Amino acid sequence: MADIAAAPPQFDWTQPLPPLQLIWGEADDIVPPPDAGALPPHVPLHRLPGVGHMPQAQAATQVNTLLTEFHQ
């Protein structure tokens, strides 16, 4: 339980990254969405309203559409 309550590690955005997008549920009570201002401008953040910790299950159609569009 201590690991779950611990603050998540900070990601080093200065390192080279492959193409990346973030898809997050706005209602995620386990890991809150990151601050878009803290992300590099080339990393899109999609915050899905009314979706919790498992957007791939809770909003599968929307997530699949975002993935398909991103990887075309």
Side-chain angles (χ1 to χ4, degrees):
M1 287 303 289
D3 288 344
I4 293 172
Q10 296 299 314
F11 190 83
D12 182 1
W13 293 107
T14 63
Q15 297 300 310
L17 298 170
L20 174 71
Q21 72 173 332
L22 300 177
I23 303 171
W24 223 284
E26 280 191 355
D28 189 336
D29 292 332
I30 298 171
V31 181
D35 175 19
L39 302 174
H42 65 279
V43 177
L45 171 61
H46 305 279
R47 296 173 64 132
L48 307 181
V51 176
H53 186 66
M54 297 184 63
Q56 71 278 13
Q58 297 168 330
T61 300
Q62 191 173 3
V63 168
N64 287 336
T65 298
L66 289 168
L67 292 172
T68 300
E69 291 171 353
F70 185 75
H71 290 288
Q72 287 184 348

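The structure presented is a predicted model; accordingly, all values stated were derived computationally and were not measured. Atom set for the values below is all heavy atoms of this structure, side chains included, hydrogens, waters and symmetry mates excluded.
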Please find the pair of heavy atoms, one from G25 and one from P55, that lie closest to each other, and give the distance. N-CG, 4.2 Å
Partners meeting side-chain contact (heavy atoms from CB on, under 4.5 Å) with E26 (sequence neighbours left out): R47, P49
List the atom pairs, with distances to 0.1 Å, where a side-chain N or O of residues 59-72 and a protein N or O form a donor-acceptor pair under 3.5 Å, not counting sequence neighbours.
residue: N64; atom: ND2; partner: A60; partner atom: O; Å: 3.3
residue: T65; atom: OG1; partner: T61; partner atom: O; Å: 2.9
residue: T68; atom: OG1; partner: N64; partner atom: O; Å: 2.8

Roughly how far, to the nearest 0.5 Å, is the CD atom of Q58 from the CG atom of L48? 9.5 Å
The criterion is side-chain contact (heavy atoms from CB on, under 4.5 Å); which residues satisfy it with P34, sequence neighbours excluded? L22, W24, L45
Residue pairs, two or more places apart or on separate chains, that pass salt bridge (charged side-chain N to carboxylate O under 4.0 Å, His left out) and touch residues 15-25: none
State which residues pass side-chain contact (heavy atoms from CB on, under 4.5 Å) with D12; sequence neighbours excluded, sorted by chain then number. T14, Q15
Residue pairs passing the side chain to side chain donor-acceptor pair (under 3.5 Å) test with at least one member in residues 27-41, sequence neighbours excluded, are D28-H53
